[in-house]
Structures are given as C-alpha cells and as structure tokens.
Novice: 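Handing you a structure now.
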Amino acid sequence: MKISTKVRYGLKALIYIAESSQKGKLVRIKEISDAEGISIQYLEQILFKLKNENIIQGKRGPNGGYKLSLAPEDITLHELYKILDDEQRVIDCNESSESCLCGEEECSTACIWTKLDVAMTKILENTSLAEIIKNKDKI
C-alpha cells in the first residue's frame, strides 16, 4: 500500500491547522507551507478539497486563514483518504486475475487484497485526527 503525497500532505496540513485551531488561531497558507515544506500551489489544491468537504473553514482578508470546521475527534483518516485520493479502495487488487492470489476471475472476499483493503479501511475509519495529534511525537 502506498499513501499518496496528497493524503500525506493533507494530514500534515490538518495537524498544523488543528493545533493552531486549539489555540483559537487562524492559519495562513504560507505559514503551513513554510512549516511543513509543502508548495503553496499544491497546498491550495489540498485545502480547496478539504474546504469543499467542510473539514476546514477559510476566512479571507488581512486577519484571514484556515481553521477546522469539525473537532479533531470527528475527522477520520478514512474520510481524509476519500477526499484527497482518487482511488476508491485503500488497497487495490493489482487489476489482473493473474496477480489475485485467490485465483478467481473476479476478486471476491476470498482475495487477499480484498481482505487487506477491508482491514486497512477499518483501521483508517477508527483512527481520528485527534489520535494522530496525540501520538505524533511517537511516530
């Protein structure tokens, strides 16, 4: 399984925004870019998607910036993944029947890739942004 750059950077940006939101502070895109080493243009694309899905709110103007729309406990990694990644499944069967270890023409729940996808999806669904923030120094 490979997590896309968009998802990894989105998580970094959300952690930064969440920590600032807890202090009652709005965060400018340049501040996130400088702190996390993400280009402003790429970050704009990520934040646009997160804003459209009501994960974050943006305020324009000299005192503007971004803050979380939801509590970190209410944002799951699976939700972030679905918003930022183009793939429907977290772990995909390699699209050809030869690579599917179950040997069936169409992968069913017996396929190892499907089992891995279900397990990984559950982990992402049960992991909140708050948990990541709490444990980020241990990662």
Novice: How long is the span from the CD1 atom in Ile32 to the CG atom in Leu43, to the nearest 0.5 Å?
Specialist: 5.5 Å

Novice: Just how far is it from atom CG of Leu47 to atom CD1 of Ile17, taken to the nearest 0.5 Å?
Specialist: 5.0 Å

Novice: What's the shortest heavy-atom distance between Pro72 and Ala18, and which atoms?
Specialist: CG-CB, 4.4 Å

Novice: Looking only at heavy atoms, what is the nearest atom pair of Ser4 and Asp85, with distance?
Specialist: OG-OD2, 3.3 Å

Novice: Would Leu50 and Leu80 count as a side chain to side chain contact (heavy atoms under 4.5 Å, CB included) here? Give the steps.
Specialist: CA-CA 8 Å; Leu50 294 173; Leu80 178 65; 3.7 Å; yes

Novice: Using a 6.0 Å cut-off, check whether atom OH of Tyr42 has over 12 heavy atoms from anything other than its own residue.
Specialist: yes

Novice: Return the minimal non-hydrogen interatomic distance between Ile40 and Lys30, and the atom names on each side.
Specialist: CD1-CD, 4.0 Å

Novice: So does Lys67 have more than 12 non-hydrogen atoms from other groups sitting under 6.0 Å from NZ?
Specialist: no

Novice: Would you say the side-chain atoms of Ser21 pair up with the backbone N or O of Leu68, donor to acceptor, closer than 3.5 Å?
Specialist: yes

Novice: Measuring from atom CG of Leu129 to atom CD1 of Ile15, what distance do you get when rounded to the nearest 0.5 angstrom?
Specialist: 6.0 Å

Novice: Step by step, work out the side chain to side chain contact (heavy atoms under 4.5 Å, CB included) result for Lys82 and His78.
Specialist: CA-CA 6 Å; Lys82 289 188 309 183; His78 188 247; 3.4 Å; yes

Novice: Drop me the distance from Leu26's CG to Asn63's CG, to the nearest 0.5 angstrom.
Specialist: 8.5 Å

Novice: Would you say Asn135's side chain and Glu131's backbone share a donor-acceptor pair under 3.5 angstrom?
Specialist: yes

Novice: Nearest 0.5 Å, please: how far is CD1 in Ile75 from CG in Leu70?
Specialist: 5.0 Å

Novice: Quick one: closest heavy-atom pair of Glu79 and Asp74, and the distance?
Specialist: OE1-O, 3.7 Å

Novice: Given Lys6 and Lys49, is the side chain to side chain contact (heavy atoms under 4.5 Å, CB included) satisfied, shown in steps?
Specialist: CA-CA 11 Å; Lys6 211 173 256 188; Lys49 286 185 172 191; 4.0 Å; yes

Novice: Mark yes or no for whether Ser33, through its side chain, and Ile29, through its backbone, hold a donor-acceptor pair below 3.5 Å.
Specialist: no

Novice: So how far is it from Tyr66 OH to Arg28 CZ, rounded to the nearest 0.5 Å?
Specialist: 10.0 Å

Novice: Show, in sequence, the C-alpha distance, side-chain angles and deciding distance for Lys51 and Phe48, and conclude whether the side chain to side chain contact (heavy atoms under 4.5 Å, CB included) test is met.
Specialist: CA-CA 5 Å; Lys51 186 177 172 189; Phe48 178 78; 5.8 Å; no

